[in-house]
**Student:** 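Before I ask anything, let me first share the structure, which is written out below as structure tokens.
Whatever order the structure lists them in is the order used to number ligands and atoms, beginning at 1. Values reported hereafter were calculated over all heavy atoms of this structure, with side chains retained and with hydrogens, waters and symmetry mates removed.
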Amino acid sequence: MLYLDKKILLQLCAVMAMFSLFSCKPNPETFAIHTPIYPGSGENVTFSLKKIDGNVENVKLYETVQTINASGAVTATSATVLLQEWNNPGFPIQFVKSGGYASNRIVNYRFEVYGNDKHYTHDIKFATRPYPVSNQPAPVYIVGDINNVLNLVFIPDTDMNINTFYNAVKVDIDEVFHGEDYIRRFRNSYNFFINPFTGHAHDYDTETRDHEIPSNWDQLSFAQGKVILHNRDIRDFAEPDKLLFSAEHYVKGTLLHESGHNFYRLADEYGGGVHWQESELPNNWSSLSACQSAAAGRGMSSADAHQMGTSGWYKLCPASCVMESSGTAMHPYERPCRDRILYSILHRAGGE
Ligand SMILES: [Zn+2]
Ligand SMILES: [Zn+2]
């Protein structure tokens, strides 16, 4: 049975990969965010909806507010309130909640979007600051059950100004995970948290190759990714056994690259990186012949197979893939990497 289940899953992956390759982009395609991402008590909160593409005729914004206690249990829930409605809106849409929310609250906001004969929602939850549950990371952008989606905890480095850090988390959610053309289609597959305790990222070239973890590390085991956002200009790296990586808070391509190692077990695509071959839908191969024979099934041709530097490892992605090209610019995940991403998200949806 296990074998059959796996086979069915792989067939589904193949069908969905074909679908993603040939289908049109979503119409309309919109993204929602709130600012500040982790607001203090009484702080104004701005809700924004931006449009990537398509036709939007009507938008409604609702809120529901829960009161929570020190163990995170809900002790009261407000009525659901319509905050604003827009007809044939210009974008981005914004609504300012003047005076924000009290402490010990979980705010649930929902944009309902109508257009092109479609109707869908952005349903997002966030906590106000300080989150009352001690030692736990604060939920700041929650879209799904933590058991079925990818969870990322942002950890402030000791070298960061905390307000710069909070703003960087908002920018990274909005411009990295909602910015890359492929993974943003899975906007309901990523939850984001902010850790109340600091860590400290090390430089891969000049320091020991282990990041300093926060004091509540044992509470973070639920997350598939933990990232220390830092200010120092250093060479970042991932520790796959800890699902931990580092990134400069302002370098979006590095965040995308390093999260690729943790979330989907994608290997490096440059010579001198870290190479391995996953058993299912790898992006690195240990021989040229294996890489060539995988090409057709991965939307590439055998002529695309080539060695990464002089590493003795091979790949199909072009140099434009973010697993080769990280840094300030945001490069996309190319097709062979997209297969592995889809596979990982499907497994996670099944609770693995
Ligand atoms: Zn890497
Ligand atoms: Zn790639």
**Student:** Give a rough value, rounded to 10 degrees, for the angle at the Zn ion (ligand 2) between atoms SG of C321 and SG of C317.
**Tutor:** 120°
**Student:** Considering just N/O/S atoms, say which atom of D268 is closest to the Zn ion (ligand 1).
**Tutor:** OD1
**Student:** Show your reasoning for whether side chain to side chain donor-acceptor pair (under 3.5 Å) applies to Y314 and H306.
**Tutor:** CA-CA 5 Å; Y314 299 83; H306 61 285; over 6 Å; no
**Student:** Would you mind reporting whether L256 and M330 have side-chain heavy atoms less than 4.5 Å apart?
**Tutor:** yes
**Student:** Can the positive tip of R209 be found less than 6.0 Å from the middle of the six-membered ring of Y204, inside 45° of the ring normal?
**Tutor:** yes
**Student:** I'd like the atom name of the N/O/S atom in E269 lying closest to the Zn ion (ligand 2).
**Tutor:** OE2
**Student:** Using the six-membered ring wherever Trp is involved, compare the ring planes of Y101 and F47 and label them parallel, tilted or perpendicular (cut-offs 30° and 60°).
**Tutor:** perpendicular
